[in-house]
Every structure is written in C-alpha cells, then in structure tokens.
Amino acid sequence: MRHTISMLLENESGALSRVAGLFSARGYNIESLTVAPTEDETLSRLTLVTSGSEDVIEQITKQLNKLVDVVKLVDLTEGQHIEREMLLIKVNAGGATRDEIRRAVDKHQARILDESETTCTIELTGTSDTLDAFVTAVSRAGIIEVVRSGVSGIARGENSLRV
Amino acid sequence: MELTGADIFVRCLADEGVEHVFGYPGGAALHIYDALYRQDKVKHILVRHEQGAAHAADGYARATGRPGVVLVTSGPGVTNTITGIATAYMDSIPLVVFSGQVATSLIGDDAFQEVDAVGISRPCVKHNFLVKDVKDLAATIKKAFYIASTGRPGPVLVDIPKDVTAHKCEYEYPRTVSMRSYSPVTDGDPAQIHQAVDLMLSAKRPMIYTGGGIVLGEASAALTELVRLLGYPCTNTLMGLGAYPATDPLFVGMLGMHGTYEANMAMHECDVLIGIGARFDDRVTGDLNKFCPHARIIHVDVDPSSISKNVPAAIPVVGASGPVINEMIRLIKASDRKPDKEALVAWWKQIGQWRAMNCLEYDRESQLIKPQYVVETLYDITGGDAYITSDVGQHQMWAAQYYKFDKPRRWINSGGLGTMGFGLPAAMGVKLAFPDATVACITGEASIQMCLQELSTCKQYDLPVKIVNLNNRYMGMVRQWQEFFYDRRYSHSYMDALPDFVKLTEAYGHIGFKIEKPGDVEGALKEAFAMKDRLVFLDFITDQTENVYPMIAAGKGQHEMHLKPCKAVVPTDRELA
Ligand SMILES: Cc1cc2nc3c(=O)[nH]c(=O)nc-3n(C[C@H](O)[C@H](O)[C@H](O)COP(=O)(O)OP(=O)(O)OC[C@H]3O[C@@H](n4cnc5c(N)ncnc54)[C@H](O)[C@@H]3O)c2cc1C
Ligand SMILES: Cc1ncc(C[n+]2csc(CCOP(=O)(O)OP(=O)(O)O)c2C)c(N)n1
Ligand SMILES: [Mg+2]
C-alpha cells in the first residue's frame, strides 16, 4: 500500500542523505520526497511517499525513527490528512490546441503562468490524482516538460507534528 | 584559557575517561598527534594498519563494555578503518572513531588525501559528524560517546578538519548531553511485560533464546536468575555465548546453523519462545517458513526495529534487557502461578533424548590433530577462564562449540559481518584492557594472514597474547561448502604457499611452536600458556578433512540438521602437491 510519511528532521548537512541512504541501502521504495525548512530554522519538514506491505512500512518507520537526525515522525496515512502536490507543465500550444488547453486549465482550476507563440506553461496544485488527470488531459497537445514537487502532507483537525 | 582544537580533543578524551586510543598518524591528524605528545593522560597505541586499530578498539569495547576509541588520518587512513567500523556496527559494539580531514576550505576540492568520510561511513555507523567549527568540537565529542554507548550501541565517526584542530576557543567539557532527536528507551512497557510473563507461565514447552543484547545490556546475572527461577531451557546465539553459563544444566548450547541438536530441536518444538536481546538472524532461523512452527513468540529488544523484522512477535517488548528481565522476575515472584511442573518434566525428558545424540562427539582416536580436541584442551588448560577472540571460519565455530563460556564478554568474535582478520587485533585490545588476563586468539591459517602485521604492535606494547592457529591448509569453511554444495570442486580454497609461521613469529620477536601430533597438543598448550610474558604462536597442523557439525544448510528448517560426518572426501596436501 501507498503511505505518506512526514517527519521533522534536524536541519543539518547530511540529514537528507541519511534518509535517502536508508531507502537505497535497505531496498525500500521511494516514490516522492520533499524537504524544506520550517518556521523553526533548526528543523526541516520532510514528506515522503513510499509503498510496500504493512511489514515493510512498519520497518521503514522504525528505521527512520532510529536515525539520530529524525526528531519526530508520523505516518499520515494512518489518519485523516491532506496531501498536495504542485505541477509545473509546459505543453505545445500552437494553433487550435491553445483553446483546448485553456478549456482543460479552466476545468481543472489550473493557472497559466506563461505563454509564448508555441508553448504554454501551467501551474496546478492538488492531489497527485488530480495532477495525473490534468497531465493526461493536456497530453494530446504534446508535453514538453513536466515538473512535479512531490507530495507534501499535513494531518487534519487538531493533530499535528511538532516538537 | 583558549586551547587549540587539538588540545581540546585530547582534553575531551581525558575528561571522558578514555585511557587508550588505537591509531595511526598522517597529515590531517598531525596537530592532534602533537597534542598527544604533550600529555600523558591518554595512551596512544600505534597499530600497523588502521583496520587493526578499529578491531583492537572493538575488542577492547567487547571485553570492557566501554567504547573503544580510534584515531586515524584522512583519506586512506579512514578508508582502512571501514571494515572495522562495519564489523562493530553489525554486532552493535560501541566505538568512537576520529578521522582527520582536510581543512574546511579545501573540502570538496579533491584535495590531497581527501575522502568523504561521513559519506563513506554512513551506512555502517550509528551516527557520524563533521565538525566544522572548533566551538562545536567538545560538544560533538560528548555526543559521540553518548550515542555510541547508549540504547543499541554502535560505532560513531567524528570527522575533524585540520584547521579545526588548529583554531582556538575556550574549553569546557559538557557534563551532560540531551538531544531532542535521540532518547533511547530502557524500561519496557509494564503492560507488555505483564502479558509476556502470563504467556511465559502458561508454557508447556518453553524455550529461552538470548543473544548479544544480554551481554551488551550487562544483564547476564538477571538472565541467570530468570532462567533458574523458571527452570526453562536456555540457548544462546553466537553473540550471546557466556551470557548464560555454558556449564549450567539448563543451558542447551548454541542454536542456529552450527548449533547443537538439542537447542535447534527445542526451538522447533517449543510452544512459547522467549527471545531477549537476539535479532532472529538468518543463521539462527534457517528457513523462516519452518521456524518455530508451534511457538507464540515474546521478543524483548532495545531497538524496536529488531522486533518483528524477520519473525513476527506475538508480544513485543521494547526495552533494555536488564530492566525488563528484572521486572519479569519481580512479576513471576509476585504471581500465584508457577511454571507447569509436570509439563516441564516431560519437556526436559524430551530434551534429554535429543542431548543423548551427543551431536558434538568427534573422533578421539584419530592419528591427526582434531581441531575440536585442541579447543577442548585449551578450555581445560585455561580453566575455562580465558578471553577468547577468534577469526572467521570453521575454527570460529569449533571455538564456539567446544569452549564453554561461563561469563559474558569472554567470547569475542565477529558474528554479523564475519570479518577474517578480526581475531589478532581484537586480542590486542582485550590484553590492553586486562593485562593480567589470559587472552587467546583462535584462528585459521587464512584469517591470521589478514591482520598479521599486528604481531609487531604486540611486540612494541608487550601484549603477550596466545595465538592458536588451527592450520588445516584450507579456507576450511569455504571448502566445507564446496564439498557439500559444489560437488567437491575446491575452487581457490586451498591455502598454498603458506609461510613458516614459526619463523615468521620469530621474525617479529615472538615465540612459535609447530605441533603435528595429537599427543603433543596438551604439552604445547601448557608450555605456551605458562609463558605469561611472551606472545606464543601455536601452529597446530590439523586434520584438514574435518567439517563443522551439526549443520543446517542455508534454506533448511531448524530440525533439518546434518549430524554425522561423512567419510573424508577432501584431497590432502600430498595429493595436491
Ligand atoms: C561463519 C559464521 C557462522 C555463524 N553461525 C551461527 C550459528 O550457528 N548460530 C548463531 O547464533 N549465529 C551464527 N553466526 C552469527 C550470526 O551471523 C549473527 O551474528 C548472530 O546470530 C546474531 O546474534 P544475536 O541475535 O545475538 O544478535 P546481535 O548481533 O548480538 O544483536 C543484539 C540484539 O540485541 C539488541 N540489544 C542490544 N542491546 C540491548 C539491550 N541492552 N537490551 C536489549 N536488547 C539489546 C540489539 O538491538 C540486537 O537486536 C555465524 C556467523 C559466522 C561468521
Ligand atoms: C574478509 C573476509 N573475506 C572472505 C570471507 C569469506 N570466508 C569465510 S570463512 C573463510 C575461510 C577462513 O579460512 P581459515 O581462516 O583458514 O579458517 P578455517 O575455516 O579453515 O578454520 C572465508 C574466505 C570472510 N569471512 N572475510
Ligand atoms: Mg584454514
């Protein structure tokens, strides 16, 4: 199953490579990974999406927790939570395709950030599924470049990941 | 007063109570070496190869329970320690390794002797640090010792750029550490321990399976009390030998690939398995699908990631072995329930039948020296009270099977990584920690050649260990697998062109004996061990066809053991010549 795991990490050089190294050394899957500092500059927030059997996920969370740089960790999938990902996409937009793209942009509530004679660059934020659907919708026009941020996530309601 | 980083480094070690550092100098570490020269609190042991430094510090740590300390230079200095660091990591041994690094301004420039020590060591350390500012040095060293020696112990590397050792700042060694991201558990959850005890007391065919976590947690006395209180059979992993006294009737021997028949059969038939400080390694479990098919499993471990990693536990207890066992004892004593006497009598009767198979019996009439006989005689001559280090191979297994360890920290070997070359430097470390103790390294003619240069260190620092070389002219363990699983194609496992070990040892300033007849074994051992102040290398020319039994082939279940030796099917030296 797919799991979204989020953690607070000491904002120190090498911390990210410990997380990434753990996944490659132990043969775990990593589908996406995002990391950036938080309001407390000594901490980074890292969200990663992985998949595996329940046993494997249990090992992954235990092994991550064991890393000295990991301050706190939550498997968001275990509770109600919100996931968002951002997409930047550049597509061919010459001639008639431009209208088609505009319709897709409106329908998905995406945003055009930049246009040239032959191209159109679009931003969309949403769940990974929404992003997938949009990429499919505009794929006929011809995709030039896809940039996805990877998933970030946060728990709903009162639950939170804080030190 | 302001001190240089190098002086701070040495002061930190002294304040941490470090007596010995195993090391080897080089450019990036020269400020530190200069600071070492100007003091007399911390003794530096100059090894002959950095791998030896790591193994020696490791042996020191295994024997004393205190972290071993290593100091090396950048580049090749630190890469040479990696095997030793990985060895310690696999067996959860506390080490603190300090490596010199090129100056901070040069990092990343492919400077002379630059290597990414933090990157290279990352997969085989518990944690590591690069110190970029002299102001962080003391606090980092404090953290390194704290992390290495608490929770599940392990090696920690601290990489120190040369300019950091030259810069100055005020020195104060932190008295305490607290890290928001690291807080090892000790006490187990009371409710879990309660449940565990309930299950333990309901067992008809119980089995207590313990390992290195008892030794690491200094919980031998507690374990012994628990086992005797319950009257249950106890087995130890290779790493746990000595955690429970081997001469005690409740001990059924080591389990696993080369464990005893009775230990493995009892594992296979038990209905409640009490695992404490052991990690269900594949050399222990064999085929997981056939592992303990009737058992409900209790698993106590200080590291949650050890629990249910290979085998799911019915009752997990995260906690340190000592406190958890003591709580178990308290609950058992307080309980109205007692172990099921009748069931236990039947269970011990069954175990007695397995024991009667005498799985460790060997040919005592042989005209050739049997390796088992050498270990047994060594046991007798040392009164079972020596520190025994070993290398890796058949000799290691015979040492484990035939030397009956009654105390923890006496059996010092590389189990997880299986590092040939470990034995001699580890013995050095032990001898340094306990100068008056008898220390012997049981080795093979292949393994001993991997760190042989340390004979010179033994000379310089007067470390009179005894080396018991079970010389079968083969990488015996490799040859055994080739005999069993590769149709006797002995590909590159014959040790040709062996040196004359006696002359070699003499060249290093020590004493060497070559022993070729069974009748000379005892005399030679007695003579060697009577020479308290000399290193003696005993080269026993052993029966090269001998195999280690019992054996569970990889992928087989615990009850599917090979027991009796088949006939000799190995070409001897004469045929090969
Ligand atoms: C040639 C060869 C043959 C081998 N054959 C065998 C064999 O037949 N049988 C065998 O048993 N092994 C054998 N081994 C060794 C094997 O590879 C493993 O190293 C060994 O089985 C692991 O022992 P262990 O489970 O006690 O774990 P260790 O590696 O000693 O790990 C200790 C465990 O205890 C935990 N722990 C640490 N501190 C504490 C504490 N304070 N409280 C609680 N828990 C703690 C740790 O988290 C860890 O899970 C062989 C090795 C070699 C090289
Ligand atoms: C550094 C290293 N290289 C290779 C091996 C694989 N290996 C395991 S046992 C063994 C042979 C050991 O031979 P020897 O030291 O003579 O011991 P014996 O088995 O003959 O008692 C080898 C090569 C290892 N464990 N370590
Ligand atoms: Mg050999």
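Convention: sequence-line order gives letters A, B, ...; per-chain numbering from 1.
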With distance as the sole test, does [X] use its side chain to make a donor-acceptor pair with the main-chain N or O of [Y] at under 3.5 Å?
X: A:K90; Y: A:E145; value: no
X: B:T81; Y: B:G84; value: no
X: B:N128; Y: B:V118; value: yes
X: A:T4; Y: A:V49; value: no
X: B:S92; Y: B:R152; value: no
X: A:T118; Y: A:G94; value: no
X: B:D91; Y: B:I93; value: no

Next on the checklist: Let me confirm one number: the CD-OG distance from A:E85 to A:S32, rounded to the nearest 0.5 Å.
Outcome noted: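 So the CD of A:E85 and the OG of A:S32 are separated by 6.0 Å.
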Checklist entry - Who are the side-chain contact (heavy atoms from CB on, under 4.5 Å) partners of A:L16, not counting sequence neighbours? => result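 So A:L16 forms a side-chain contact (heavy atoms from CB on, under 4.5 Å) with A:L33, A:V35, A:L46.
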Checklist entry - Hey, which residues of residues 19-29 of chain A are touching chain B, say heavy atoms under 4.5 Å apart? => result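 Hits under 4.5 Å: A:G21, A:R26.
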Checklist entry - Which residues in residues 148-163 of chain A have any heavy atom lying under 4.5 Å from a heavy atom of chain B? => result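 Within residues 148-163 of chain A, no residue comes under 4.5 Å from chain B.
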Side chain, backbone, both or neither: which part of [X] has a heavy atom under 4.5 Å from chain A?
X: B:I147; answer: side chain
X: B:R180; answer: both
X: B:P123; answer: neither
X: B:K126; answer: backbone

Can you list, pair by pair, the side-chain donor-acceptor contacts under 3.5 Å of residues 307-319 of chain B, counting residues two or more places apart and other chains?
{"residue": "B:S308", "atom": "OG", "partner": "B:A313", "partner atom": "N", "Å": "3.1"}
{"residue": "B:N310", "atom": "ND2", "partner": "B:F280", "partner atom": "O", "Å": "2.7"}

Checklist entry - Given A:R45 and A:S6, is the side-chain hydrogen bond (donor to acceptor under 3.5 Å, both in side chains) satisfied, shown in steps? => result CA-CA 7 Å; A:R45 173 85 174 227; A:S6 201; 2.7 Å; yes
Checklist entry - Side chain, backbone, both or neither: which part of A:E12 has an atom under 4.5 Å from a heavy atom of chain B? => result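 No part of it gets close to chain B.
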Checklist entry - Side chain, backbone, both or neither: which part of A:V70 has a heavy atom under 4.5 Å from chain B? => result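 Contact with chain B involves the backbone of A:V70 alone.
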Next on the checklist: Please determine whether a side-chain nitrogen of the Lys or Arg among A:E115 and A:R102 lies less than 4.0 Å from a carboxylate oxygen of the Asp or Glu.
Outcome noted: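 Salt bridge present between A:E115 and A:R102.
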Checklist entry - Hey, is B:D301 close enough to B:R279 for a salt bridge, meaning N to O under 4.0 Å? => result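 So B:D301 does not pair with B:R279 through a salt bridge.
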Checklist entry - Between A:V56, A:D69, A:T61, A:N65, which residue shows the highest count of heavy-atom pairs closer than 4.5 Å to chain B? => result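 Sorted descending by pairs with chain B, the first entry is A:D69.
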Checklist entry - Which residue out of A:E10, A:Q59, A:R18 racks up the most heavy-atom pairs below 4.5 Å with chain B? => result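 Most pairs with chain B among the choices: A:R18.
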